Undergrad: 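Structure below; questions to follow.
Every chain is numbered from 1, with letters handed out A, B, ... down the list of sequences. Keep in mind the model is a prediction, meaning the values are calculated, not measured.
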Protein chains: 2
Amino acid sequence: MNKQALRDAGISPAKARIVAKAVDLFHEKGFERTTVRDIAAATGILSGSLFHHFKNKQEILYTAMAMTTRGMGERAEAAVAGISNPVEQLKALIICELSSIHREDGHAAYVLVDEWRSLDEASRDKVLALRDGSYEKCWMAALDGCDEQGLLKSPPKIARQLIRGALAWTRNWYRTDGDLTLAGLADEVTNSFLKP
Amino acid sequence: MNKQALRDAGISPAKARIVAKAVDLFHEKGFERTTVRDIAAATGILSGSLFHHFKNKQEILYTAMAMTTRGMGERAEAAVAGISNPVEQLKALIICELSSIHREDGHAAYVLVDEWRSLDEASRDKVLALRDGSYEKCWMAALDGCDEQGLLKSPPKIARQLIRGALAWTRNWYRTDGDLTLAGLADEVTNSFLKP
DNA sequence: CATAAAAACAAGCAAGCGCTTGGTTGTCAA
DNA sequence: TTGACAACCAAGCGCTTGCTTGTTTTTATG
């Protein structure tokens, strides 16, 4: 998300700075083990000052997850824009998701997977609605397209979940500085779930 | 793990009872959000009494993860025992892992995936060593066997990680009471990672 | 330069946390 | 019956937590 988009979403530069630091800490130690004093210190302010920007600690997490979700949605839409072949769309989306996890978003995508339990139900629903409205829409369109051409091994919804799991787990083993490139990894995944 | 095996591992019935309740709570709220008072109340004792059985809160988590890892290892070994065809071994292991997640272990397998960060490094290494010694050994044997016959789509190590991710994620969407059976789900996974 | 709003500080409260202590109860072998 | 030990209770200590309050500093605007 660029600066103007952030402003439109009601996120001041100060908020964005705090969230960025918070995300690193959440990734490192988890939401619960990260104290507001940790976040404040990382941002260079005192802990009480955080509550001038956020009404409570959880709102920091919500803001982070909402921002990440928006960003991933925008990038997914950009990735499939202008591609009509659903197989190519799928490939683009796989690379896009891997990039979000291992490159663009730093640790934000990790937090998005790990910290659902720390969000209250209302916030959780808001983030999920955000995700379904753009990111998941792209995925299901591509997968349905592949399925209509008989190229998908599993039903689209099952394929989506299996792929999502395989991709999310890469954060536990894949290293960008190893022998396997991101594109290579994306190929392995694509080949697994599409018919030859 | 049966009662005798538990005793051999130094786990009294009281400990096992506490761990079982703790696992449910860890699954529900996470390790950090679960207090020793919660665990004690669920077991029907006072919080201080927990420390007669465990030297601290983290040891409860470690015991849970070690028990689960041992149990999954035993079941994996039993699942492939007597099977020589590596493809059949792989199928058996996939069903085995799905069963651990969705059936036998209640919520223990969830905790095993989610709460690594709450474990200190020494305990983490112990659990990992336990896992590599039996559970992962079974998996790699089966996958290497498939690969030697040219049946695997990806290199064995990559396949293992992709499969693990796909399976672990099922806990976020798969329901045992839905239309898709565990065996059916296992077939979907098998078909994805093996050549036709 | 004056003024108001935004941002940060300084200090600390109330609640909840993991864990300790010292004593009581229950169990069972000798 | 007695002694020994494990299991548990009752009480609370010391510390950390998220958050509040009242004040001061910084920044932006006319």
Undergrad: Would you say D/dA7 has OP1 or OP2 under 4.0 Å from some side-chain N or O of B/His52?
TA: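 So the side-chain polar atoms of B/His52 do come within 4.0 Å of the phosphate oxygens OP1 or OP2 of D/dA7, strictly under.
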Undergrad: Salt-bridged, B/Lys126 to B/Glu59, with N to O below 4.0 Å?
TA: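 No salt bridge links B/Lys126 with B/Glu59.
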Undergrad: Check the phosphate of C/dC9 against A/Ser49, side-chain N and O only, distance under 4.0 Å to OP1 or OP2. Yes or no?
TA: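 Affirmative; the distance criterion is met.
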Undergrad: From CZ of B/Arg33 over to P of C/dG18, roughly how many Å is that when rounded to an integer?
TA: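 Those two atoms, CZ and P, are 13 Å apart.
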Undergrad: Find the distance B/Ile45:CD1 to D/dA6:P and express it as a whole number of Å.
TA: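 So the CD1-P distance, B/Ile45 to D/dA6, works out to 16 Å.
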Undergrad: For DNA chain D, whose closest nucleotide is more 5', that of A/Asp38 or that of A/Gly48?
TA: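 Closest to the 5' end, via its nearest nucleotide, is A/Asp38.
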Undergrad: Could you give the distance from CG (A/Leu143) to SG (A/Cys138), rounded to the nearest 0.5 Å?
TA: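 SG of A/Cys138 is found 11.0 Å from CG of A/Leu143.
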Undergrad: Ignoring hydrogens and angles, are the base of D/dG18 and the side chain of A/Arg37 linked by a donor-acceptor pair under 3.5 Å?
TA: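 A donor-acceptor contact between them is present.
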Undergrad: Which whole-number value in Å describes the distance from A/Phe54 CZ to C/dA8 C1'?
TA: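 Distance, rounded to whole Å: 15 Å.
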Undergrad: Can A/Glu188 and B/Lys157 be counted as an ion pair, charged N to O under 4.0 angstrom?
TA: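 Here A/Glu188 does not pair with B/Lys157 in a salt bridge, since their nearest N and O are not under 4.0 Å apart.
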Undergrad: Closest approach to the side chain of A/Leu46, judged atom by atom: which nucleotide of C/dA10, C/dC19, D/dC9 is it?
TA: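 The closest nucleotide is C/dA10.
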Undergrad: Do the charged groups of A/Glu115 and B/Arg117 touch, with an N to O distance under 4.0 Å?
TA: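 Salt bridge flag = yes for B/Arg117 with A/Glu115.
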Undergrad: Salt bridge check, A/Glu136 against A/Arg160: does any charged N sit closer than 4.0 Å to a carboxylate O?
TA: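 Yes, charged N to carboxylate O under 4.0 Å.
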Undergrad: Between C/dG18 atom C1' and B/Glu32 atom CD, what is the distance in whole Å?
TA: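 Rounded to whole Å, this separation is 11 Å.
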Undergrad: Among the candidates D/dC9, C/dC19, C/dA7, find the nucleotide nearest to the side-chain atoms of A/His53.
TA: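 The listed nucleotide nearest to A/His53's side chain is C/dA7.
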Undergrad: Starting at atom NZ of A/Lys29, determine the distance to atom P of D/dT16, rounded to an integer number of angstrom.
TA: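 That distance rounds to 13 Å.
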Undergrad: Measure CG/B/Leu50 against P/D/dA11 and give the value in whole Å, please.
TA: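 Those two atoms, CG and P, are 18 Å apart.
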Undergrad: Is A/Thr43 touching bases, backbone alone, or none of the nucleic acid, heavy atoms closer than 4.0 Å?
TA: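 Since no nucleic acid heavy atom lies under 4.0 Å of A/Thr43, the category is nothing.
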Undergrad: Please give, in whole Å, the distance from C/dC19 C1' to B/Phe51 CZ?
TA: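 About 5 Å, once rounded to whole Å.
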Undergrad: Please report, rounded to the nearest Å, how far the C1' atom of C/dC19 is from the NZ atom of B/Lys55.
TA: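 Whole-Å distance recorded here is 13 Å.
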